[in-house]
Amino acid sequence: MDRYTFIENFNNQERPFKTYLCFKVERLDGDTAIPLDEYKRFVRSKGPDQPQGPHHAEFYFLEQIRSRNLDQNQHYRLTCFISWSPCYSCAHNLTTFLKENPHISLRIFASRLYTNNRFGWYQRGLRELQAAGAQITIMTSQDFEHCWETFVDHRGSPFQPWEGLEAKSQELRENLQAILRTQQN
DNA sequence: ATTTTCAAT
C-alpha cells in the first residue's frame with residue numbers, strides 16, 4: 001500500500017467512503033507465533049461499478065483466507081488492521097467463519113467504529129464476533145505504526161502521527177469497550 | 001441526533 005492511501009484511509013478523524021483491510025497470518029506453535037509473510041496482503045471494499053463488486057472489504061479478506069486452505073491440523077492466528085470496523089453483516093460472516101474453523105483465531109484492530117445503520121445492530125455484530133473468540137480493539141498509535149511498517153511502502157520514512165490521533169483513539173476505545181461489555185439480550 | 005460511515009452525484 002502506498003503512503004498516501006494509508007494516511008487517507010486510516011486517519012481516525014476522516015470518514016472515507018471505502019474501507020481498507022490489511023491482514024497477516026501466523027502459525028501458532030505453543031507460545032510461538034510463526035509469521036507466514038507470503039500470506040500478508042491488503043484488500044479494499046469495491047463498489048457496484050467494479051469487477052467482483054460490490055462487497056465490503058471483509059468479503060475479500062475471507063475469500064483470500066478460504067483460498068489458502070489452512071491446514072486443519074495446525075493453529076493459525078489472523079490479524080487484521082481495518083479502517084472501518086465490521087458492519088453487522090460482515091461481523092456475522094466472520095463469526096460464522098470462526099465457528100466453522102476452530103483452528104483459526106482472529107484479532108481485529110480497527111481505526112474507526114462503523115456505526116452507520118438505523119437500528120444499532122453493528123453493536124450486536126461486534127459482540128457476537130467477540131463471543132466467537134475474536135479480539136476486537138481500536139488501533140492505537142503503536143498499532144498504526146506497526147501497520148505502517150508492515151503493509152505500507154514507506155520507503156524508509158517513519159510513521160508520522162496526525163494531530164489528534166491519540167485523543168480520537170482513546171475516545172473510540174471507550175466507545176468500543178462500552179459496546180463490548182454490554183450484556184447481550 | 002440533525003452526522004458526507006465499505007457512495008452517488
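Letters A, B, ... mirror the listed sequences (proteins, then strands); counts begin at 1. Values below: all heavy atoms of this structure, side chains included; hydrogens, waters and symmetry mates excluded.
Contacts of A:Pro48 with the nucleic acid, taken as non-hydrogen atoms under 4.0 Å apart, involve only primed sugar atoms and P, OP1 or OP2. Note on A:Cys90: nothing from the nucleic acid sits closer than 4.0 angstrom, heavy atoms only. Among the protein residues, A:Ser85 comes within range of the nucleic acid bases, having at least one heavy atom under 4.0 Å from a base atom. Across all strands, A:Leu113 comes closer than 4.0 Å to base atoms (heavy-atom distances).
Checking A:Asp29 against A:Thr32 by side-chain atom types alone, no donor-acceptor pair falls below 3.5 Å. Using a 3.5 Å distance cut-off with no hydrogens or angles, the side chains of A:Thr96 and A:Asn93 do not pair a donor with an acceptor. The closest side-chain donor-acceptor pair between A:Glu174 and A:Gln170 falls under 3.5 angstrom.
For A:Glu8 and B:dT5, the CD to P distance is 16 Å, given to the nearest whole Å. A:His55 places its NE2 atom 12 Å from the C1' atom of B:dC6, with the value rounded to the nearest Å. One atom, OH of A:Tyr114, and another, P of B:dT3, lie 15 Å apart when rounded to the nearest Å. When the C1' atom of B:dT5 is taken as reference, atom CG of A:Asn9 falls 12 Å away, rounded to whole Å. Nucleotide B:dT5 holds its C1' atom 11 Å from the OH atom of A:Tyr122, rounded to whole Å. For the pair A:Phe17 CZ and B:dC6 P, the computed distance is 6 Å after rounding to whole Å. Atom P of nucleotide B:dA8 and atom CG of A:Asp49 are separated by 8 Å, given to the nearest angstrom. A straight line from CG of A:Leu21 to P of B:dT5 spans 20 Å, rounded to a whole angstrom.
Shortest non-hydrogen contact noted between A:His103 and A:Gln72 is CD2-CA, 3.5 Å.
Between A:Arg66 and A:Glu63 no salt bridge is recorded (no basic side-chain N to carboxylate O distance below 4.0 Å).
B:dT4 and B:dT9: their C1' atoms are spaced 12 Å apart (whole Å). Atom name C1', nucleotides B:dA7 and B:dT3: the rounded distance is 16 Å, in whole Å. For the C1' atom pair drawn from B:dA1 and B:dT5, the interatomic distance equals 15 Å after rounding to whole Å.
In this structure, CD in A:Glu145 is found 7.5 Å from CD in A:Gln142, a value given to the nearest 0.5 Å.
Nearest to the side chain of A:Thr115, among B:dC6, B:dT5, B:dA8, sits B:dT5.
Stacking here means ring centres nearer than 5.5 Å and ring planes tilted less than 30 degrees, and by that measure A:Trp84 stacks onto B:dT5.
The stretch residues 56-64 of chain A touches DNA chain B through A:His56, A:Ala57, A:Glu58, each having a heavy atom within less than 4.0 Å of the strand.
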Next on the checklist: Run the side chain to side chain contact (heavy atoms under 4.5 Å, CB included) test on A:Ser169 and A:Asn12 for me, step by step, so that the C-alpha distance in whole Å, both residues' side-chain angles and the decisive distance to 0.1 Å come before the verdict.
Outcome noted: CA-CA 7 Å; A:Ser169 176; A:Asn12 59 8; 4.0 Å; yes
